[in-house]
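Here's the structure, in structure tokens; my notes come after.
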Amino acid sequence: MERKGYNIWDLEIITIKETQRFDNLQDESSEEVIKFIKDTILNERLERLEAFFGEGDAYYISVYAEKSCSAIKIHDDPNRKSYNYINKQYEYDQTDVPLSGDYFPQEIICEDKNILLDIILYYFETGNINKKYDWIELDD
């Protein structure tokens, strides 16, 4: 089975030990990058992930993480919208949670590594939010 890759450009992954940059995931090297991302998330080494969808800087995902917690934001610049993953268990809880040197409200903290991975891979494939999960839409 041939892997076509993803329409992802300018991917940056920051872990506890290193920073990895990839120009694009449109070739066979994408298999190794996805394996690296999975390993980094499942072994709780991810600190940041930024990736642009398509050949511009209009659509991108930002992930901030520490251990098994993460904040996930998807940006849609042409429509001036951003989407934050929302954890219904903590809906309306604005308590600050520190992640990667920044603070995020508890209600947008994802505590499930498999959900985080599912959201990232779905974004890599489509450039969109994964509607299996709840999101807060914000005007930029």
Side-chain angles (χ1 to χ4, degrees):
M1 180 170 103
E2 184 178 325
R3 174 58 127 166
K4 66 178 180 210
Y6 300 95
N7 196 13
I8 294 295
W9 300 85
D10 197 21
L11 168 63
E12 181 177 71
I13 304 164
I14 300 172
T15 69
I16 294 170
K17 294 182 179 182
E18 64 187 326
T19 298
Q20 293 276 342
R21 291 188 65 89
F22 304 93
D23 291 332
N24 69 69
L25 296 186
Q26 291 192 323
D27 57 29
E28 62 280 346
S29 67
S30 66
E31 295 273 342
E32 287 300 314
V33 176
I34 297 304
K35 186 176 172 182
F36 174 73
I37 291 170
K38 286 179 182 178
D39 180 63
T40 299
I41 290 170
L42 296 176
N43 290 302
E44 299 181 352
R45 293 193 318 262
L46 182 67
E47 289 185 354
R48 287 283 313 270
L49 181 142
E50 289 270 337
F52 293 89
F53 186 86
E55 293 188 45
D57 59 358
Y59 305 97
Y60 59 100
I61 187 172
S62 301
V63 176
Y64 303 79
E66 276 189 29
K67 299 186 180 177
S68 64
C69 294
S70 60
I72 309 157
K73 298 173 173 258
I74 294 180
H75 309 275
D76 176 352
D77 285 350
N79 293 310
R80 302 180 73 145
K81 301 278 185 198
S82 290
Y83 302 89
N84 291 341
Y85 166 85
I86 186 163
N87 186 333
K88 288 288 194 179
Q89 178 180 351
Y90 301 109
E91 193 169 17
Y92 307 114
D93 185 345
Q94 295 298 307
T95 305
D96 283 338
V97 175
L99 296 175
S100 300
D102 212 337
Y103 291 87
F104 301 90
Q106 179 70 48
E107 73 176 343
I108 71 165
I109 301 300
C110 177
E111 298 175 313
D112 187 315
K113 296 179 276 191
N114 291 312
I115 290 174
L116 172 60
L117 192 53
D118 192 32
I119 289 170
I120 290 170
L121 294 179
Y122 186 84
Y123 181 82
F124 281 14
E125 292 168 4
T126 68
N128 294 307
I129 62 172
N130 189 328
K131 293 184 180 182
K132 289 193 315 192
Y133 307 105
D134 295 303
W135 298 86
I136 300 171
E137 180 180 308
L138 306 167
D139 291 324
D140 288 344

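All values below were derived from every heavy atom in this structure, side-chain atoms included, with hydrogens, water molecules and symmetry-related copies excluded. Quick caveat, the model's predicted, so the values are computed rather than measured.
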**Request:** Measure across R45 and D39 and return the closest heavy-atom pair with its distance rounded to 0.1 Å.
**Result:** NH2-OD2, 2.6 Å

**Message:** I'd like to know whether CG of D96 has more than 12 heavy-atom contacts from other residues, nucleotides or ligands below 6.0 angstrom.
**Reply:** yes

**Message:** Atom CZ of residue position R80 - does it have more than 12 heavy atoms of other residues, nucleotides or ligands inside 6.0 Å?
**Reply:** no

**Asked** Shortest non-hydrogen contact from L25 to F124?
**Response** CD1-CE2, 3.8 Å

**Message:** Has W9 got a side-chain atom pairing as donor or acceptor with N24's backbone, closer than 3.5 angstrom?
**Reply:** no

**Message:** Taking Y92's backbone N and O only, do any of them form a donor-acceptor pair with E107's side chain (distance below 3.5 Å, no angle check)?
**Reply:** yes

**Request:** Please check if any side-chain donor atom of S68 sits under 3.5 Å from a side-chain acceptor atom of E111, or the reverse.
**Result:** no

**Message:** Is there a side-chain contact between I8 and F53 in this structure, where contact means two heavy atoms from C-beta onward sitting under 4.5 Å apart?
**Reply:** yes

**K67/E44 salt bridge by N-O under 4.0 Å criterion** = no

**Asked** Shared ILVMFWY cluster between L138 and V97, side chains joined below 4.5 angstrom?
**Response** yes

**Prompt:** Is any side-chain heavy atom of V33 less than 4.5 Å from a side-chain heavy atom of Y6?
**Reply:** no

**Ring geometry between Y64 and F104 (parallel below 30°, tilted from 30 to 60°, perpendicular above 60°)** = tilted

**Message:** Using a 3.5 Å distance criterion without hydrogens, assess whether the side chain of N87 forms a donor-acceptor pair with backbone atoms of I109.
**Reply:** yes

**Prompt:** Y85 pairs by side chain to side chain contact (heavy atoms under 4.5 Å, CB included) with which of D134, I119, I74, I136?
**Reply:** I119

**Item:** Minimum side-chain heavy-atom gap I13-F22 below 4.5 Å
**Value:** yes

**Asked** Would a hydrophobic clustering, with Ile, Leu, Val, Met, Phe, Trp and Tyr connected at side-chain separations under 4.5 Å, put I86 with Y90?
**Response** no

**Asked** Honestly curious: do L117 and Y123 fall in one hydrophobic cluster under the side-chain, below-4.5 Å linking rule?
**Response** yes

**Message:** Once you measure the plane-to-plane angle for Y60 and F52, does it fall in the parallel (<30°), tilted (30-60°) or perpendicular (>60°) bin?
**Reply:** tilted

**Message:** Could you measure the distance from the NZ atom of K35 to the OG atom of S30? Nearest 0.5 Å is fine.
**Reply:** 13.0 Å

**Prompt:** Just how far is it from atom CD1 of I37 to atom CD of E32, taken to the nearest 0.5 Å?
**Reply:** 11.5 Å

**Request:** Would you mind reporting whether W135 and I72 have side-chain heavy atoms less than 4.5 Å apart?
**Result:** yes

**Prompt:** Does the side chain of I41 come within less than 4.5 Å of I120's, by heavy atoms?
**Reply:** yes

**Prompt:** What are the two closest heavy atoms between E12 and I14, and how far apart are they?
**Reply:** OE1-CD1, 3.9 Å

**Message:** For F36, I'd like to know if atom CZ has over 12 heavy atoms of other residues, nucleotides or ligands within 6.0 Å.
**Reply:** yes

**Prompt:** Do I61 and K73 come within less than 4.5 Å of each other through their side chains, counting heavy atoms only?
**Reply:** no

**Message:** Nearest 0.5 angstrom please: H75 NE2 to S82 OG, how far?
**Reply:** 5.0 Å

**Request:** Test K81 against D139 for side-chain contact (heavy atoms from CB on, under 4.5 Å), laying out the working first.
**Result:** CA-CA 5 Å; K81 301 278 185 198; D139 291 324; 2.4 Å; yes

**Fill in**
Nearest heavy-atom approach of P78 to Y59 is CG-OH, 3.5 Å

**Asked** Is I129 linked to I108 within one hydrophobic cluster, defined over Ile, Leu, Val, Met, Phe, Trp and Tyr using a side-chain heavy-atom separation of less than 4.5 Å?
**Response** no

**Asked** Side-chain contact, heavy-atom cut-off 4.5 Å: R21 with D10?
**Response** yes

**Asked** Is there a chain of hydrophobic side chains (I, L, V, M, F, W, Y, each step under 4.5 Å between heavy atoms) that links I115 to L99?
**Response** no

**E137 CD to N84 CG distance, which is reported to the nearest 0.5 Å** = 11.0 Å

**Asked** Do the non-hydrogen side-chain atoms of L11 and Q20 ever get within less than 4.5 Å of each other?
**Response** no

**Prompt:** Quick one: does E66's side chain have a donor or acceptor within less than 3.5 Å of a partner on S100's backbone?
**Reply:** yes

